[in-house]
Amino acid sequence: MEIPNLNLISEPIPESIPEPVPESISEPVPETIPEPSVSDPIPTPKSISETNSGPSNRNRFHKIEASRIDSDQNVIFSIITQHTFPVYYHPSLYQKNSILWSKPIPLGWYFGPQWERIHGRNWPRALCDNWLRTDRFLRNFAHELPICPCTLEHALHDKGRFLPDPDCDRDSNPTCLQHRGAIHCVRSGQPTVQGSEQQCCYDRNSYLMLSYDQMWGSRPRRNHNIGQIPWNEANKVPTLSSWFHDVRPYYSCCMWQDEQAVGCETFRFERRPSQDCIAYQSPGVAGVFGDPHIVTFDGLQYTFNGMGEFVLLRGNNGRERIDVQGRFEQVARNIHGPVMATQLTSIAARGNTSTIIEVRLRPREAQWRYRLDVFADQRRIYFDRQSLKFQHFHGVTVYTPTYILNQSEVVIMFSSGVGVEVVENNGFMTARVYTPWSFINKTRGLFGNWSWDMQDDLVTPGGAIITPNINNFQNVHEQFGLQWMLSDREVENIGQALFTREFGRTSSYFANASFIPNFVREPANFLPPNRSQDVIRAEELCGESYQCRYDFGMSLSREMAHFTKNYHASVINIQTVNEKRVVSCGILETPRFGRKSNFLFTPGARVSFECNEGFFLIGDSRRICMENGQWDVPEHGYTECLRGVFYSRRTAWIAIGIVIAVIIPLLLCIVCGVYCLRKRKRKEDPDWRLPLPSRSGSRATLRKGDDSEFDDTTIKKTLRYDATYRTNEPLEGKPNIQFEPKKMDLDEEDITSSEGGEYSARVARDIEYKNLADHKQLGRRSQRGVGGLQQAGLFSGEEEEDDDDPKGYPPPPPPMSQQQQQQQQQQRSMQPESPTQTYGAYSPTFSDIDQVSSFATEDNSPLNQRRPQNGNLSPMPNTSRSYYTGEQGQTQPLVQNVGLPNRMDSRSTEV
């Protein structure tokens with residue numbers, strides 16, 4: 001495991017250390033020490049370095065720096081006991097001391113067991129949940145942040161708003177431990193009004209990485225790493241506030257948990273989401289270089305060889321102001337004598353009330369260590385150590401690229417978003433200014449009016465517009481350039497010179513309004529004929545660049561011509577890149593529990609979705625970025641990844657919904673159709689009734705009454721007799737005989753019907769028997785004589801007449817004699833008592849035909865209790881176990897028709 005390298009730049013901390021105060025929700029509480037006197041002199045860099053090393057002031061200026069950590073080993077450790085700011089301040093300006101005591105920000109390798117005892121085994125989730133609850137009560141800061149560029153190329157050319165991120169810098173720290181897959185990250189150079197910071201990371205395709213796609217994407221921060229004045233308040237402490245509110249939660253929510261954990265997704269999508277680059281606007285670029293040659297924001301190119309200090313850019317958008325000034329000095333002599341041309345030697349800039357920054361070209365004999373001198377409020381600052389590469393002052397940030405060791409490139413960033421880049425090569429200097437869109441039509445000076453129109457670029461302080469002459473720059477020099485010359489006093493619409501004065505050299509020392517340079521553009525026109533070789537050489541070196549040819553013809557310096565050509569190409573290339581509009585389709589979120597095939601968002605990009613194991617993909621599996629900058633409309637819905645259980649449940653509900661959506665309208669149509677049919681029939685026939693089907697096959701008819709005639713409106717059940725149906729049509733070869741109509745329907749009083757009626761609560765009133773022709777035995781009850789039935793009262797001895805049935809019934813058995821009745825009673829006394837006699841209930845097992853009939857007792861028989869007395873049948877005592885049809889002892893086999901209705905009328909059916 002890689003151990004953090006702690007660089008201790010201080011003496012030991014005194015023993016009387018106050019009790020550490022945790023940074024609960026906001027920030028640690030500072031602890032002050034005796035403050036220096038207001039009358040103390042303002043310290044110089046040298047005096048400060050001596051003070052830091054002095055034994056009597058060991059506790060006043062000390063600092064502990066913690067290097068970055070190895071995130072693969074889950075190591076984060078940061079201690080800040082005091083922050084030494086690069087800007088030197090007087091005690092009268094800042095009375096409070098900057099010493100801050102706080103608990104360290106520990107990580108799992110050391111405090112893991114303690115957190116496990118407090119929060120349980122899932123302590124990362126507990127820490128993340130606590131932070132989420134706290135962070136939701138804080139203000140929203142995303143709307144204040146600058147928008148990230150879509151591509152790395154645009155990010156590198158936006159020097160006014162973004163600077164390299166030390167945690168992921170392709171030049172100094174390409175590991176990018178917290179942004180795997182990124183090659184370079186940038187962050188905002190100046191904090192917003194509330195102190196927040198933007199971060200933009202780019203992958204190997206040079207496209208912006210978003211937190212909606214992966215946990216390694218760009219993450220905005222609530223607190224800027226440099227803090228904010230006053231640095232001892234909540235959310236304004238340098239480094240510590242950023243670690244507490246942004247870095248530490250990232251570890252507890254994402255680094256120590258799964259990427260698709262609830263805490264990490266809440267961190268990525270809700271609390272620290274990336275912003276897309278749809279609304280990004282590239283800054284305008286203007287530059288000055290060479291003899292000097294100027295390229296305005298609108299692309300106008302002209303040459304102005306004035307001598308003195310001039311206004312390059314003066315802008316005011318109502319909220320922010322910016323002043324950029326340049327100093328032009330005469331070019332050194334060549335072999336032919338003085339050179340009537342000038343070159344850029346110094347740049348001074350200020351924004352609103354920020355610190356004045358000046359970048360000055362050092363003399364050639366003094367460039368052995370540093371190429372440029374940088375002044376902050378008229379004091380030199382240096383960038384030769386790694387900890388001093390980025391220095392922050394009031395309203396401005398100054399840094400040099402990490403790969404620059406000789407201080408030959410300096411970038412100045414103002415809070416307004418304006419950036420100034422100064423580059424030096426071999427004694428020749430160039431300056432490029434990057435301006436955001438808020439200064440459109442708000443700029444004046446030698447860089448012109450930024451309005452995308454070259455015709456109004458050259459505007460004098462009085463508002464007059466000058467038309468340049470491409471081949472002769474005399475009118476530009478006299479009517480426009482000299483009008484923007486500076487002096488040490490304030491001039492309306494021009495301002496005051498911001499340069500640092502050394503050795504008594506004021507602006508008038510450098511100014512020379514009577515200096516007359518060469519106004520001719522081409523060397524072939526201003527060089528004498530005997531120097532034709534110089535003209536040919538200029539054309540060979542420079543090609544199509546007239547600036548390069550001009551500089552070589554004037555100075556005869558190959559190096560100057562080369563760097564003029566290089567600087568000119570750089571400005572043109574940056575302008576071309578920034579004018580290129582990148583079309584972005586915006587954020588396309590990765591579905592939860594799923595993944596994307598790629599993270600592209602430019603036109604033509606095709607993104608496919610997949611779900612994790614155990615999940616089912618819902619919606620479109622592929623999306624395409626269209627040319628108009630929008631994702632195609634999903635045909636099957638937006639993409640989701642559902643668990644198997646939820647997928648089955650959703651499918652079931654969809655099926656139910658489809659069934660309901662189909663069946664309910666169908667039922668409504670049927671009801672409406674029936675209603676319309678009924679209404680129409682009723683209109684034709686008021687007595688018409690809708691025919692209804694029989695609800696039961698055992699129901700005889702819906703018609704009431706004993707009318708023998710057919711009713712067409714009556715719904716009847718048609719009986720089937722051996723698959724032969726009567727059609728009332730005459731048969732071939734048979735006489736046409738009209739038979740009397742006979743209803744074949746079952747009576748509505750059928751005892752097998754479950755629809756109620758007269759016989760619904762009664763048993764059958766009649767049991768009929770019919771002799772069989774073959775005399776075969778049909779059961780034990782058929783062996784008994786008829787006398788038992790007569791004695792039991794099942795036959796009255798009289799035969800009913802049946803008009804409808806030509807067969808009729810067999811004659812009843814003869815009545816029993818008195819002697820036979822006495823014998824029957826003796827036999828009954830010898831038999832045990834039947835259960836039906838005891839309980840008075842009918843049972844098929846103990847029927848009246850058995851040894852002891854239940855009908856022997858007329859009062860207790862359910863047949864006699866529930867059946868009304870009918871004249872056709874009368875109960876008869878059972879005097880014999882046999883049934884007689886003739887003389888005694890001769891048996892006749894019978895059939896018992898149990899459960900069939902009585903022959904009450906002609907409508908009864910014979911079985």
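Along the sequence shown, the residues carry numbers beginning at 1. None of these values were measured; they are calculated from a predicted model.
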- prompt: Step by step, would you call Cys548 with Cys542 a disulfide bond (SG atoms under 2.5 Å apart)?
  reply: CA-CA 5 Å; Cys548 176; Cys542 303; 1.9 Å; yes

Could you give me the CA-CA distance, side-chain angles and deciding distance for Glu539 and Arg549, then say whether salt bridge (charged side-chain N to carboxylate O under 4.0 Å, His left out) is met? CA-CA 7 Å; Glu539 292 178 354; Arg549 296 195 300 268; 6.0 Å; no

Phe428 vs Asn425, side-chain contact (heavy atoms from CB on, under 4.5 Å): CA-CA, chis, key distance, verdict: CA-CA 5 Å; Phe428 302 101; Asn425 279 289; 5.7 Å; no

Inset, instruction - Given salt bridge (charged side-chain N to carboxylate O under 4.0 Å, His left out), test Asp373 with Arg360 step by step and report yes or no. - result: CA-CA 5 Å; Asp373 282 332; Arg360 182 187 303 173; 5.6 Å; no

Going through the distances and angles, do Tyr370 and Phe383 end up as a ring-ring contact (aromatic ring centres under 6.0 Å, His included)? CA-CA 10 Å; Tyr370 302 111; Phe383 306 86; 9.3 Å; no

Exercise. With side-chain contact (heavy atoms from CB on, under 4.5 Å) as the test, would you mind laying out the steps for Val422 and Leu372 before giving the verdict?
Key: CA-CA 9 Å; Val422 181; Leu372 298 173; 4.1 Å; yes

request  = Under the side-chain hydrogen bond (donor to acceptor under 3.5 Å, both in side chains) rule, what do Asp298 and Thr296 come out as? Steps first, then yes or no, please.
outcome  = CA-CA 5 Å; Asp298 294 334; Thr296 65; 5.5 Å; no

* To do: Take Gln474 and Gln479 through the side-chain hydrogen bond (donor to acceptor under 3.5 Å, both in side chains) test and state the conclusion after the steps.
  => CA-CA 8 Å; Gln474 184 174 0; Gln479 301 178 19; over 6 Å; no

Between Asn406 and Arg369, does the side-chain hydrogen bond (donor to acceptor under 3.5 Å, both in side chains) criterion hold? Intermediate values first, please. CA-CA 6 Å; Asn406 58 0; Arg369 180 65 180 89; over 6 Å; no

Practice task
List the steps and the verdict of side-chain contact (heavy atoms from CB on, under 4.5 Å) for Phe289 and Leu344.
Solution key: CA-CA 7 Å; Phe289 51 90; Leu344 179 68; over 6 Å; no

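Here Asp165 contributes atom CG and Arg170 contributes atom CZ; the two are 14.0 Å apart, rounded to the nearest 0.5 Å. In this structure, the separation between CD on Gln199 and OG on Ser188 is 9.5 Å, given to the nearest 0.5 Å. The CZ atom of Phe510 lies 6.0 Å from the CZ atom of Arg505; values are rounded to the nearest 0.5 Å. The distance from atom CG of Leu556 to atom CZ of Arg558, rounded to the nearest 0.5 Å, is 13.5 Å. Note that CG of Leu541 is 12.0 Å distant from CG of Asp551, once rounded to the nearest 0.5 Å.
No side-chain donor-acceptor contact under 3.5 Å links Asp453 to the backbone of Asp456. When atom types are taken as modelled, the side chain of Gln194 and the backbone of Glu144 share no donor-acceptor pair closer than 3.5 angstrom. Without hydrogens or angle criteria, Asp457 side chain to Gly448 main chain gives no donor-acceptor distance under 3.5 Å. The closest donor-acceptor contact from the side chain of Glu409 to the backbone of Val423 lies at 3.5 Å or more, if one exists at all. Looking only at distances, no side-chain donor or acceptor of Gln378 sits under 3.5 Å from a matching main-chain atom of Glu358. Looking at Asn352, its side chain never comes within 3.5 Å of a backbone N or O of Ser354 through a donor-acceptor pair. Checking side-chain atoms of Thr345 against main-chain N and O of Arg327 turns up a donor-acceptor pair under 3.5 Å. When atom types are taken as modelled, the side chain of Ser172 and the backbone of Thr402 share no donor-acceptor pair closer than 3.5 angstrom. Put simply, the side chain of Asn317 never gets that close to the backbone of Lys442: no donor and acceptor are under 3.5 Å apart. A distance-only check finds no donor-acceptor pair linking the side chain of Thr400 to the backbone of Ile404 [under 3.5 Å].
In Arg364, the CZ atom is crowded: over 12 heavy atoms of neighbouring residues, nucleotides or ligands sit closer than 6.0 Å. The 12-atom threshold is exceeded at CZ of Arg314, counting heavy atoms of other residues, nucleotides or ligands nearer than 6.0 Å. The 12-atom threshold is not exceeded at CD1 of Ile516, counting heavy atoms of other residues, nucleotides or ligands nearer than 6.0 Å. Tyr509 OH: 12 or fewer foreign heavy atoms inside a 6.0 Å radius. Heavy atoms of other residues, nucleotides or ligands lying less than 6.0 angstrom from CD of Glu544 number 12 at most.
Not less than 6.0 angstrom separates the ring centroid of Phe473 from the ring centroid of Tyr302.
Screening Trp450, Tyr434, Trp452 for a ring-ring contact (aromatic ring centres under 6.0 Å, His included) with Phe297, the sole residue that qualifies is Trp450. Among Val374, Val418, Val433, Val420, the single residue meeting the side chain to side chain contact (heavy atoms under 4.5 Å, CB included) criterion with Ile412 is Val420.
Between Phe390 and Tyr399, the ring planes lie parallel to each other; the angle is under 30°, not in the 30° to 60° tilted range. Aromatic ring orientation, Phe480 versus Trp484: perpendicular (interplanar angle above 60°, classes split at 30° and 60°).
Taking both residues in full, the closest heavy atoms of Lys159 and Leu156 are given as CE-O, 2.8 Å, listed atom of the first, atom of the second, then distance. Scanning all heavy atoms of the two residues, the minimum distance from Phe447 to Ile294 falls at CD2-CG2, 3.8 Å. Between Ile226 and Gly189, the shortest heavy-atom contact is CD1-O, 4.3 Å. Heavy-atom minimum distance, Arg362 versus Gln367: O-NE2, 3.0 Å.
Taken together, the cysteine pair Cys277 and Cys150 places its SG atoms within less than 2.5 Å of each other. By the SG-distance test at 2.5 Å, a disulfide connects Cys148 to Cys200.
Between His293 and Thr303, the side chains place a donor N or O and an acceptor N or O closer than 3.5 Å (distance only, hydrogens not considered). Remark: the Thr576 side chain and the Asn573 side chain contain no N/O donor-acceptor pair separated by less than 3.5 Å. Checking Gln407 against Asp384 by side-chain atom types alone, no donor-acceptor pair falls below 3.5 Å. If you check the side chains of Gln275 and Gln198, you find a donor sitting under 3.5 Å from an acceptor. At a cut-off of 3.5 Å, with distance as the only test, a side-chain donor of His392 or Thr397 sits close to an acceptor on the other residue. In the model, His224 has no side-chain atom that pairs as donor or acceptor with a side-chain atom of Gln190 under 3.5 Å.
The pair Asp158-Arg161 meets the salt-bridge criterion, since a charged nitrogen lies less than 4.0 angstrom from a carboxylate oxygen.
Residue pairs meeting the salt bridge (charged side-chain N to carboxylate O under 4.0 Å, His left out) criterion with at least one partner in residues 474-494, sequence neighbours excluded, are Asp488-Arg501.
Under the ring pair (Phe, Tyr, Trp, His ring centres under 6.0 Å) criterion, Phe310 pairs with Phe304, Phe328, sequence neighbours left out.
The side-chain heavy atoms of Leu300 and Pro468, taken from C-beta on, include a pair separated by under 4.5 Å.
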